[in-house]
Asks: 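This structure is in C-alpha cells; I'll ask about it shortly.
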Amino acid sequence: MAYWLFKTEPDAYSLTDLKNAPQQSTFWEGIRNYQARNFMRDSMQEGDLVFIYHSSCKVPAVVGVAKITQAAQVDPYQFDASSHYYDPKSSPDKPRWVGVTVQYVEQLPNPVTLKAIKADDNIVDLALKKAGRLSIMPVTDREWQHIVAMSQ
DNA sequence: GCCAACGTTGGC
DNA sequence: GCCAACGTTGGC
C-alpha cells in the first residue's frame, strides 16, 4: 500500500466537504499537471491512503486522511467546454487527464501545519517542503508515520 | 494582493 | 528543439 498527499483549497473543497459528501466520497477531478496525473494513472491503487492538505488558506496544513476507493478513470470534465477544467487538446479517443475516487477516513487530532513540516528535520524529501506547485505527491512510509505522530 | 517559482506554450 | 513570454500556484 502506498501513501499520498492531495492539496486542496478549502474554500473550493475542504476535508469537511468530503466528510459531508454522499458516501463521504468524491471523484478528484480537475488535476491538470502531468506529474500529478502520472502518479494517479500509474501508481495509485485502491486502498492507498491520502493526506488531505489545505492550501491557499490562513494556516496551510495537513488536516485529515482519505483513501483511494477507485483507481484512475478518465476525467470527464476535460471534454466539457463549459467546465473550468475543459481541455480542447484532449479527445475522448485519446484522453489526456484522469482522476481517482477518494473516501473520507478521518480528521487528524490536530492539523500538521506547513510551518511545522518545514521545521522538522525528519521530513526531508516531501515535495511539499520544496517550492513545488505539485498538487498530488507521494509520501514515504516514514514521513506518513511521522506526520501522523505530529498530529497527536 | 504581491511576487517568486516553475510548468507550458509557441515563435523561430 | 531552444528559449522567451506567459500563466498559474501558493506562501506570505
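Per chain, numbering begins at 1; letters A, B, ... match sequence-line order.
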Asks: Rounded off to whole Å, could you give me the CG-to-C1' distance for the A:Asn38 and B:dG7 pair?
Replies: 14 Å
Asks: Would you tell me if any nitrogen or oxygen in the side chain of A:Lys7 comes within less than 4.0 Å of OP1 or OP2 on C:dT9?
Replies: no
Asks: Find the distance A:Lys58:NZ to C:dG10:C1' and express it as a whole number of Å.
Replies: 17 Å
Asks: Measure from CZ on A:Arg96 to P on B:dG7 and round the result to the nearest Å.
Replies: 17 Å
Asks: Aromatic rings A:Phe51 and A:Trp144: how do their planes relate, parallel, tilted or perpendicular, breaks at 30° and 60°?
Replies: parallel
Asks: Drop me the distance from A:Ser55's OG to A:Leu128's CG, to the nearest 0.5 angstrom.
Replies: 9.0 Å
Asks: In terms of side-chain heavy atoms of A:Lys89, which of C:dG10, B:dT9, C:dC12 is nearest?
Replies: B:dT9
Asks: Rounding to an integer number of Å, can you tell me how far A:Asn33 CG sits from C:dG7 C1'?
Replies: 14 Å
Asks: Donor-acceptor pairs under 3.5 Å, side chain of residues 97-109 of chain A to any protein atom, not counting sequence neighbours: which ones?
Replies:
residue	atom	partner	partner atom	Å
A:Trp97	NE1	A:Asp87	OD2	2.8
A:Gln103	NE2	A:Gln23	O	2.9
A:Tyr104	OH	A:Gln107	N	3.1

Asks: Quick one: A:Leu134 CG to C:dT9 C1', roughly how many Å, whole number?
Replies: 11 Å
Asks: Give the rounded distance in Å between these two atoms: CD1 of A:Ile31 and P of B:dT8.
Replies: 13 Å
Asks: Below 4.0 angstrom from OP1 or OP2 of B:dC6, is there any side-chain N or O of A:Tyr34?
Replies: no
Asks: A:Gln35 CD to B:dA5 C1': how many Å, rounded?
Replies: 14 Å
Asks: Roughly how many Å is it from CG in A:Leu128 to C1' in B:dA5, rounded to a whole number?
Replies: 15 Å
Asks: Under the side-chain hydrogen bond (donor to acceptor under 3.5 Å, both in side chains) test against A:Asp75, which residue among A:Arg37, A:Arg32, A:Arg96 passes?
Replies: A:Arg32
Asks: What is the nucleic acid contact for A:Lys115, judged by heavy atoms within less than 4.0 Å: base, sugar-phosphate only, or nothing?
Replies: nothing
